[in-house]
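The sequence lines fix the lettering, A, B, ..., with proteins before strands; numbering per chain opens at 1. Values below: every heavy atom of this structure, side chains too, minus hydrogens, waters and symmetry copies.
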Amino acid sequence: MLLERYLESLGAHAIAEALDLDAPRPALIRPTQDAKFGDFQINGAMPLAKELRKPPRELAQPIAAALTGIDAIERAEVAGPGFVNIHLSPAWVAERLTDALRDRDRDGVPAVEDVSKVIVDFSSPNIAKQMHVGHLRSTIIGDAIARILSFLGDDVVRDNHIGDWGTQFGLLIVGMREWGDEAALQADPIKELERVYKLASKRAGGEEDFAQRARDELAKLQASDPENLELWKHFVQVSRGSLDAVYAELDVSFDLWLGESAYHEALPGIVEDLLGKGIAREDEGAVCIFWSETDDAPKSLRKQKTPFIVRKKDGAFLYSTTDIATVQHRKRQLHADRALYVVDNRQSLHFKQLFAVMRLLDVDMELEHIGFGTVLGKDGKPLRTRDASGGVITLASLLEEAKERARQRIEEGIAEGRLRVLPEEIGEVARVVGIGAVKYADLRQNRLSDYQFDWDKMISFQGNAGPYLQYAYARCASIFAKGGLEMDAIAESASIRLDAPAEQTLGKHLLRFGDVVYQAGATSQPHLICEHIYELARAFNGFYAECPVLDADEPTRASRLGLTALSARQIRRGLGLVGIGVVDRM
RNA sequence: GGACUCAUAGCUCAAUUGGAUAGAGCACCGGCCUACGGAGCCGGGGGUUGGAGGUUCGAGUCCUCCUGAGUCCGCCA
């Protein structure tokens with residue numbers, strides 16, 4: 001259930017009843033910051049003080065009285081300047097947890113009532129180039145958001161808007177004819193394409209003839225010349241293999257791969273439309289939208305002197321044009337209600353402009369830029385995408401290093417007798433822990449701020465890091481293994497009760513899960529789920545230290561097994577929602 | 001020149017979007033292995049939230065100014 005939503009409704013009605021108002025008012029329910037204030041507080045009395053001309057505490061008193069006698073609430077009391085503190089009834093909380101324990105499909109989290117069709121546009125690498133660290137955040141943040149929204153019940157379409165139609169293909173076509181090696185292309189496609197691209201781009205810089213040939217080939221490609229089209233398709237196809245390998249490692253998938261090329265034919269029409277409607281005009285040979293001349297543009301854009309260009313003076317189109325065509329397609333063909341663009345903060349101006357154009361075109365769609373900060377090195381400067389010897393640090397090699405570092409720590413742990421991993425499981429555990437550590441280090445932070453990439457912190461495996469959460473899960477699994485019990489069977493039969501303080505603390509954390517997932521979905525902030533799971537793992541570890549499970553007497557034993565099962569499932573589900581896996585032994 | 005983002009403990013980050021005495025991890029100090037896994041648990045010190053005004057019952061959060069950092073802005077994506 002959604003606890004906060006339920007309490008908000010209780011509180012709103014209590015306010016209306018207690019103060020004799022015709023309609024419910026916002027209860028402004030919030031979790032308390034300190035357990036001594038109870039579990040939740042109603043802040044809604046204070047804003048009413050002015051309107052009703054009474055001191056807030058005098059308003060809070062009858063509200064608290066109106067809440068007594070409700071099953072969920074053990075007691076409600078006035079505190080501070082006019083807060084109403086709510087203490088939940090442990091018995092009621094325990095019943096809700098038992099309900100959640102029975103609900104194996106959704107762990108007690110309801111699905112949304114109004115389903116939206118949401119496009120999540122993320123990752124978006126360029127074809128013919130290696131994915132590097134710069135692609136990491138979009139890929140894993142986008143994946144997490146898509147997972148969260150699908151779990152909540154939205155109709156999510158994951159679209160990889162790959163860069164497969166740029167000027168680089170003219171150079172690649174002439175380059176491959178000159179220096180291409182088909183065997184090398186088959187063996188390691190992107191490596192070969194990059195090698196040739198470098199040669200071609202260098203020669204184009206020095207030789208105008210060569211550069212002209214590249215432009216001619218590009219023009220032929222864009223005019224659907226069969227031979228060039230065939231070559232281009234070949235490049236795209238072999239590149240896909242390398243991309244798929246990285247996505248498989250990250251456990252990331254897509255429903256659509258509609259790259260720039262998919263919209264190529266729509267672009268002239270877009271520009272005609274913009275010109276016809278008087279939104280754009282020609283200037284210095286290019287077709288532009290001038291915000292200073294657009295009355296209903298957002299204020300900050302109107303001060304922008306530089307225009308939004310949709311066609312270059314040489315007649316070629318730009319990514320701005322493609323992006324407009326993409327929104328049109330998503331609206332007209334996919335019937336999407338929303339589109340989320342998981343793209344670096346640095347492109348915020350571009351999206352602000354794009355969204356403003358779509359409003360001028362009367363496209364009724366919720367468009368949102370889900371920005372994120374830069375990945376920094378330990379020195380606080382943007383992480384270098386090249387190593388000391390000048391080679392590109394690819395995403396694939398970074399993930400390899402994560403797995404390797406995890407494997408080392410696991411082997412140390414086994415050698416010291418601290419960890420229990422079967423020899424044949426080491427590879428899989430290193431993968432889950434290593435990749436999970438990289439993802440968690442990123443996702444646990446507010447996506448808007450820059451974040452510091454630090455191997456030592458990530459793989460230190462202490463405190464708030466991915467392995468801590470996975471370890472808590474392994475502890476749960478280990479209890480069932482040791483007891484010779486099936487988690488699912490316990491989930492069917494156990495009744496949860498909350499007696500010991502550590503049980504109550506754990507129980508109250510468990511009950512907040514649904515609220516957290518909803519908020520993470522509504523604000524596109526996966527870190528809220530990470531934070532919750534971390535706090536849950538802490539509460540579970542406290543319970544684990546305090547409360548024996550297998551050695552307890554019935555009915556406490558069954559209840560504690562139920563708490564353990566629900567904790568395990570919530571950790572697994574929560575981590576799963578941000579794309580991180582778990583293992584039973586680590 | 002214009003626009004946007006940011007500034008919180010020694011370091012890395014939170015703060016449920018305006019709620020009570022600003023919380024975690026790392027690092028530092030001190031406890032806990034005859035209880036299901038010590039990658040763990042319990043406790044301690046550490047803050048004028050960059051500065052100055054303002055808005056109101058109430059500000060890390062909103063507004064103005066200042067200081068400092070970053071990013072983007074005509075034919076790349």
_Leu376(A) CG to C13(B) C1', straight-line distance once rounded to whole Å_ =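 Whole-Å distance recorded here is 13 Å.
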_Could you tell me how far apart Leu267(A) (CG) and A77(B) (P) are, to the nearest whole angstrom?_
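Leu267(A) atom CG is separated from A77(B) atom P by 11 Å.
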Would you indicate which nucleotide in [options] comes nearest to any side-chain atom of [X]?
X	options	value
Arg538(A)	U71(B), G25(B), C76(B)	G25(B)
Arg30(A)	U17(B), U16(B), A3(B)	U17(B)
Ser449(A)	G40(B), A14(B), U12(B)	A14(B)
Arg475(A)	G19(B), U71(B), G38(B)	G38(B)
Leu349(A)	A35(B), C13(B), C73(B)	C73(B)
Lys482(A)	C36(B), G74(B), C41(B)	C36(B)
Met46(A)	G37(B), A20(B), C57(B)	C57(B)
Leu318(A)	C13(B), C75(B), A27(B)	C75(B)
Pro548(A)	C36(B), G74(B), C72(B)	C36(B)
Ser300(A)	C36(B), A3(B), G40(B)	A3(B)

Would you measure the distance from the [atom1] atom in [N] across to the matching atom in [M] and give it in whole Å?
N	M	atom1	value
C6(B)	C63(B)	P	11 Å
A22(B)	G44(B)	P	16 Å
A35(B)	G40(B)	C1'	14 Å
U49(B)	C57(B)	P	23 Å
G2(B)	U21(B)	P	41 Å
G31(B)	G68(B)	P	48 Å
U8(B)	G25(B)	C1'	15 Å
G47(B)	A9(B)	P	10 Å

*asked:* Taking side-chain hydrogen bond (donor to acceptor under 3.5 Å, both in side chains) as the criterion, tell me which of Asp344(A), Asp442(A), Thr374(A) meets it with Arg137(A).
replied: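 Among the candidates, only Asp442(A) passes.
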Remember a base hit wins even if backbone is also touched, and classify [X] as base, sugar-phosphate or nothing at under 4.0 Å, heavy atoms.
X	answer
Cys547(A)	base
Gln304(A)	base
Ala481(A)	nothing
Lys378(A)	nothing
Ile289(A)	nothing
Phe290(A)	base
Ala286(A)	base
Pro31(A)	base
Gln347(A)	base
Ala316(A)	nothing

State the pairing partner of [N]; accept Watson-Crick or G-U wobble contacts with both distances under 3.5 Å, and report none otherwise.
N	result
G53(B)	C63(B)
A20(B)	none
C4(B)	G70(B)
G40(B)	C32(B)
A15(B)	none
G47(B)	none

*asked:* Would C33(B) be called syn or anti here, given the cut-off of 90° from 0?
replied: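 Base orientation relative to the sugar is syn.
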*If anything within 90° of 0 is syn and all else is anti, what is U17(B)?*
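With its glycosidic angle within 90° of zero, U17(B) counts as syn.
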_Would the base of A77(B) count as contacting Glu260(A) through its side chain, where contact means a donor and an acceptor less than 3.5 Å apart?_
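Answer no: no donor N or O sits under 3.5 Å from an acceptor.
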*Any donor-acceptor N/O pair under 3.5 Å between G37(B) base and Ser478(A) side chain*: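 Yes.
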Give a yes/no on whether any side-chain N or O of [X] is located under 4.0 angstrom from OP1 or OP2 of [N].
X	N	answer
Lys303(A)	A3(B)	yes
Lys50(A)	C57(B)	yes
Asn541(A)	G40(B)	no
His135(A)	A77(B)	no
Tyr468(A)	C41(B)	yes

*Between Asp323(A) and Tyr263(A): side-chain donor-acceptor atoms closer than 3.5 Å*: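 Short answer, no.
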*Do the side-chain N and O atoms of His369(A) and Gln347(A) include a donor-acceptor pair separated by under 3.5 angstrom?*
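Checked: His369(A)/Gln347(A) side chains show no N/O donor-acceptor pair below 3.5 Å.
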Run the ring-centre check on [X] versus [Y] and record whether the distance is less than 6.0 Å.
X	Y	value
Phe37(A)	Phe83(A)	no
Phe235(A)	Tyr197(A)	no
Tyr471(A)	Tyr468(A)	no

*Output yes if the stacking criterion (under 5.5 Å between centres, under 30° between planes) is met for Tyr544(A) over the base of G40(B), else no.*
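Tyr544(A) vs G40(B): stacking no.
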